[in-house]
Undergrad: 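Sharing a structure with you now.
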Amino acid sequence: RTHQIPGHRLPLAKYGGRHTVCALPGDGIGPEMIAHIKNIFSFCHAPINFEEVQVSSSLLDGDMDAALLAIERNGVAIKGNIETKHDDPQFHSRNVELRTKLDLYANILHCVTIPTVPSRHAGIDIVLIRENTEGEYSGLEHETVPGIIVTREKIERISRMAFEYAKANGRKKVTAVHKANIQKLGDGLFLKVVRDMSEEYKDIKFEAMIVDNASMQLVSKPQQFDVMVMPNLYGNIISNIACGLVGGPGLVSGMNLGDKYAVFETGTRNTGTSLAGKDIANPTAFIRASVDMLRYLGCHYHANIISDALWKALVEQKIHTKDIGGSNSASDVVNATLINIEKLMEENPKK
Ligand code: ATP
């Protein structure tokens, strides 16, 4: 039950108490996962309407514009990953384009140990806050403005998000991940801005850690981390390590937040093409993304019911897909969750 989003005002439901959100199924397992979410939402009468927009790597640019327009109209979206064709240098990632054009500057993941899900370490509870719109990861591999790949303004807002998030959620420590010993300009600026800002937050412990050491520390002693803040490219790698530590790509959700819009997806943003159409991909990460979205929209009753029902299925009933050592299908997880939802709603009807 975390994720108090600092400075966030609840969007007003538009029509008859219902919100309209965009659903971008994307490629690979995305479409079947979005179908599961729609099924769960309609089963528990979550007050959400979906406007579905298809964007995939095989479609034309016009579809991307339609998707952006729809998200701007609705303010909120849930998405699957859009495949990026690796070989063609002309083809820029639609996922990156979407995040930069909507200025979704913060990517927030909560990596927490789930009892009964096998992992090397117990007791992990880390929030990763990643700059999401600039740096080497923006696909340019050179400066956006001559001499600049990162900007003070963007570093300041992601740092502010990290400290405010820590404060709002009772977190004790923020670790800034960097490589300022080598990347003296960009990472040097990142480190200076975060460190200076830490002075304003005396109750929160601050530490800086070089990205190579942070990677090693994560796999050996992950319990030492609380909130981690980092530039875009390191965030991509560190968040994959952290997701791997708590059970893999099928488990963790990720929020993309800006000042105006919010897009919810899985933490590691996989396409899972080889799993598509087989009913074997773990639906947990997508279901948790849908719970994050409900919380963001202020639909706490439905968020809690779905979250508790999924927890019951995973932890108490051990309905596990293959990626976490089980033999259940995605539909088994969803069906168990639905049965649990029904019981929980009977025990605790919406007032
Ligand atoms: P493919 O697209 O063929 O799966 P890939 O190498 O591009 O291959 P990603 O989509 O990046 O793979 O996913 C990385 C790995 O995580 C793959 O082994 C994939 O099968 C696995 N994976 C991704 N999503 C899930 C999920 N929801 N449940 C279980 N495994 C997953």
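Just so we're clear, the structure is a prediction, and the values are computed from it rather than from any experiment. Counting starts at 1 for both ligands and their atoms, in listed order.
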Undergrad: Run down the list Thr273, Thr271, Thr321, Asn240 and name the one with the heavy atom closest to atom 2 (O) of ligand 1.
TA: Thr273
Undergrad: To which of Gly272, Ala330, Pro249 does the heavy atom nearest atom 16 (O) of ligand 1 belong?
TA: Pro249
Undergrad: May I ask you to check whether Gly250 has an N/O atom sitting below 3.5 Å from an N/O atom of ligand 1?
TA: no
Undergrad: How far apart are the closest heavy atoms of Pro231 and Val177, and which atoms are they?
TA: CD-O, 3.3 Å
Undergrad: Determine whether Tyr234 and Leu191 fall in the same hydrophobic cluster, where Ile, Leu, Val, Met, Phe, Trp and Tyr are linked whenever their side-chain heavy atoms lie under 4.5 Å apart.
TA: no
Undergrad: Side chain, backbone, both or neither: which applies to Ile29 and ligand 1 if a contact is any heavy-atom pair less than 4.0 Å apart?
TA: side chain
Undergrad: Taking the six-membered ring where the residue is Trp, are the ring centres of Phe206 and Tyr201 under 6.0 Å apart?
TA: no
Undergrad: Verify the distance criterion only: is there a donor paired with an acceptor across the side chains of Asn81 and Asp27 at less than 3.5 Å?
TA: no
Undergrad: Are the charged groups of Arg171 and Asp226 less than 4.0 angstrom apart, N to O?
TA: yes
Undergrad: My understanding is that we take every heavy atom of each candidate and find the minimum distance to atom 27 (N) of ligand 1. Doing that for Asn282, Thr84, Asn81, Thr268, which one comes out nearest?
TA: Asn282
Undergrad: Measuring from atom 25 (C) of ligand 1, which candidate in Asn270, Leu275, Thr266 has the nearest non-hydrogen atom?
TA: Leu275
